Participant: 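Handing you this structure, nothing more for now.
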Amino acid sequence: MDERVLPPPITLRELVRLVARRWLLALSVFLLTVAATYLLTKRITPVYESRSRVLLESGSGSGSAGGLGSLLGLVTGGNSSGNASLDTEMEKIETQEFYKKLRVQAGLGDMGLDEIQFRLQLSGGRGGQVLVFNARGTTPEQAQRIANTAAVLYIELARTDAKNRILLDRDRLKTAAALARQEKNRTEQALERFNKGMAASEPTAYFKGRAERTIGVRRDLEEAKKQEAVLIAQLAAQQSQLTELPKEIINGYTLTKNPVIDGYRAEIVALKAQRKVKLLDYQVDSPEVQTIDEEISAKEKAIQEAQKTAFSEGSKSVGRNPDFSTTQSEILRNRTSLISLRKTIGETENLLATLEKEQSKLADKQFQYLTLRTSFEAAAEADKTAQSGLIAATIKEATGQPYIRVIDWGRKPDFPLSPKPLLNTILSVFLGLFLGIGLALLAEYFSNKPQPEVFSFEEPLPALPMVGGVPLLGTAPVGGSDHLSARDEDRLREIGYWLAHRESGDPVPVRLLLGVRSDDRAATLAGQLAKVLGRDGVRVAVEDVDSQSIGTLPALLANLSAAGNDLILLSGPVVWNVRTVGPLEKIAGGLVLVASPDTPVEESVSRARRLLTNGYTPRFHGVVAAEELPALSAMDLKMETNP
């Protein structure tokens, strides 16, 4: 369907006009609906509803089982929720036995059990501790009697069920206590025999000690292996170091400073001191001073000669390398430690193997002991629980029946639940109006009676409405016009020339083509006309228009007219879109209806005319039939036989 096509708007005035035209049908349907509703309401048997509520015992694990609930539930620790217990109580009520008693005590005569079940509806109140009986009857007394009788029967059923439950639980607890005591005695004897075989009063401590001993030995073995790895690594490093260290160390020659040099220097110092003293008594060039200067000069030359050998050689010193001796001692000590450690590892491994073998044997005995111990404790606990349950059963039996009471007796209803004449009448009025107007519109839509003004055109073109058999290709492309026959092309030329006809000085004709269906027949016809007329030299402009292009359409038409076109064809939406077709028809100055090939032309034109006649009279230029009309076919045949 074309997305541009909108549903035709139905205004209030048009609705009133259509209903006024079919007022007899609308009124008949309205009166018939109201009368039928009134008669049906009168014929319906009234139904009255009464309600009674029963308060279940608070905290009960099984609803009506009493304050202590199910004794087995107390013993085993199980306790159902309030909602689950309420569902259980409803299941106990919805039985044939309960309905039979209700039929007898409520005086329902021969009423079937299914009907009784339908009349009595069960529901739960808030918190799951209230049971509600909703009873329905044909009279107020019957509804009240069913609700109250059901509540009384349920209380009797609950008390009987509680008493039977106590007796049943007592028998089960006695059986459970006997079995628990028998199992306790058996497991106790088995434990005594096991302890004697183990020669231990408390095997658990023995099992624990042997396991700790095994774990300790395994830990010692792991530590010894770690030390062994460390010693092996140290020995390897020390052996490598021993090969690189020399056994002896040569200290080298010792050198002694030449003592002659120091002696000459000391004598020079003394002579210089004497010279200073001589200078006090003698002149510099005196023999005394010169003698001292000569001695000083001789001493200095001797020092220069002695400085050529400032040191004298001593003896060579050779000693044993202390690092070599230390490393060798550490290697011997580590080898001794490694031998001792490996011996300890071997002994530890043998001990660990013995202990692990012992643990494999003790595992079965330990499992056997734990199984016996668990069985004994479970049997003892079961015996204790069963004895507690028997005591609770005795107390329960002495305390009497469970506390279940009626908190709200059913009362006699004042008004029936159904039917409700006032509500039904109001609904029938609205339904009658809806059906009457709807059928009036439907009858108007499917009316095939053509209107007399359909073929009254303001611009009569005699040949245009009489043209039939135009091959509208539906949604086929425009290119399909290349396969038209010569006869089809002549008919298209005839239509095109009529549409393009204008007097001298008239503006370029603008024709709006509308289809009666939301397909592309109008667009296909416009495209075929443009191609056929184009071959004859007629300039035709084709434009698709919709509600979005109404605002820009006048300017577009002016441009197309100024471009020298001889004919402008507007391919518009279907005629049902009155809101869009009206403005387009006014701008174009008239319209051409493209009739559907599967609907008679008269019917298509009649429907289009009624839709488009909404306060104004549209200008029809003509109708193009998309099928071969029988009358036209006969006319063509006659013309061919009688040229």
Side-chain angles (χ1 to χ4, degrees), residues 54-93 95 124-131 154-196 200-205 207 366-405 407:
V54 176
L55 178 64
L56 305 181
E57 186 168 6
S58 178
S60 171
S62 60
S64 63
L68 293 176
S70 174
L71 296 175
L72 287 178
L74 291 175
V75 170
T76 58
N79 192 12
S80 59
S81 63
N83 292 333
S85 64
L86 188 61
D87 294 339
T88 303
E89 296 307 303
M90 291 182 181
E91 291 294 335
K92 289 191 293 187
I93 294 173
T95 60
R126 296 180 179 178
Q129 296 298 326
V130 178
L131 186 59
Y154 168 70
I155 293 176
E156 295 178 358
L157 174 65
R159 290 175 177 174
T160 303
D161 182 68
K163 183 177 180 180
N164 294 335
R165 187 183 298 275
I166 293 173
L167 296 177
L168 179 61
D169 290 349
R170 178 188 289 276
D171 294 338
R172 292 179 178 176
L173 287 171
K174 287 181 179 179
T175 304
L179 293 176
R181 181 159 298 180
Q182 181 181 355
E183 180 66 17
K184 176 183 176 183
N185 295 334
R186 186 190 67 80
T187 53
E188 187 175 10
Q189 294 174 3
L191 277 174
E192 291 177 357
R193 291 194 299 269
F194 183 84
N195 293 340
K196 290 180 181 180
S201 59
E202 183 56 40
T204 302
F207 292 140
Q366 187 176 8
F367 177 76
Q368 183 181 0
Y369 172 75
L370 292 176
T371 303
L372 291 174
R373 188 70 182 178
T374 303
S375 300
F376 173 76
E377 292 176 354
E381 184 66 24
D383 181 46
K384 180 180 178 181
T385 305
Q387 295 300 328
S388 301
L390 289 174
I391 296 173
T394 304
I395 297 174
K396 178 61 182 175
E397 189 175 4
T399 55
Q401 296 296 328
Y403 184 71
I404 301 176
R405 62 188 178 90
I407 60 174

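Both backbone and side-chain heavy atoms feed into the values below; hydrogens, waters and symmetry mates do not. A quick note: this is a predicted structure, and the numbers were derived from the prediction, not measured.
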Participant: Do Thr95 side-chain atoms and Glu91 backbone N/O form a donor-acceptor pair below 3.5 Å?
Facilitator: no
Participant: What residue pairs, at least two apart or across chains, pass salt bridge (Lys or Arg N to Asp or Glu O under 4.0 Å) with a residue in residues 179-191?
Facilitator: Arg181-Asp383, Glu183-Arg186
Participant: Hey, could you give me the CG/CZ distance between Leu370 and Arg373, rounded to the nearest 0.5 Å?
Facilitator: 10.0 Å
Participant: Just by distance, do the side chain of Asn164 and the backbone of Thr160 share a donor-acceptor pair under 3.5 Å?
Facilitator: yes
Participant: Arg165 vs Asp161, test: salt bridge (Lys or Arg N to Asp or Glu O under 4.0 Å). Steps then yes/no.
Facilitator: CA-CA 6 Å; Arg165 187 183 298 275; Asp161 182 68; 3.2 Å; yes
Participant: Distance from Thr371 atom OG1 to Gln368 atom CD, nearest 0.5 Å?
Facilitator: 8.0 Å
Participant: Would Met90 and Ile93 count as a side chain to side chain contact (heavy atoms under 4.5 Å, CB included) if you check the C-alpha gap in whole Å, the side-chain angles of each, and the deciding distance to 0.1 Å?
Facilitator: CA-CA 5 Å; Met90 291 182 181; Ile93 294 173; 5.7 Å; no
Participant: Between Glu89 and Lys92 (salt bridge meaning N to carboxylate O under 4.0 Å), is one present in this structure?
Facilitator: yes
Participant: Determine whether more than 12 heavy atoms belonging to other residues, nucleotides or ligands lie under 6.0 Å from atom CD of Glu377.
Facilitator: yes
Participant: What's the spacing between Ile166 CD1 and Arg170 CZ if we round to 0.5 Å?
Facilitator: 8.5 Å
Participant: I'd like to check the side chain to side chain contact (heavy atoms under 4.5 Å, CB included) partners of Ala382; sequence neighbours left out, ordered by chain and number.
Facilitator: Ala180
Participant: Taking all non-hydrogen atoms of both residues into account, name the closest pair between Ala386 and Leu173 and its distance.
Facilitator: CB-O, 4.0 Å
Participant: How about Leu191 and Thr187: do any of their side-chain heavy atoms sit closer than 4.5 Å?
Facilitator: no
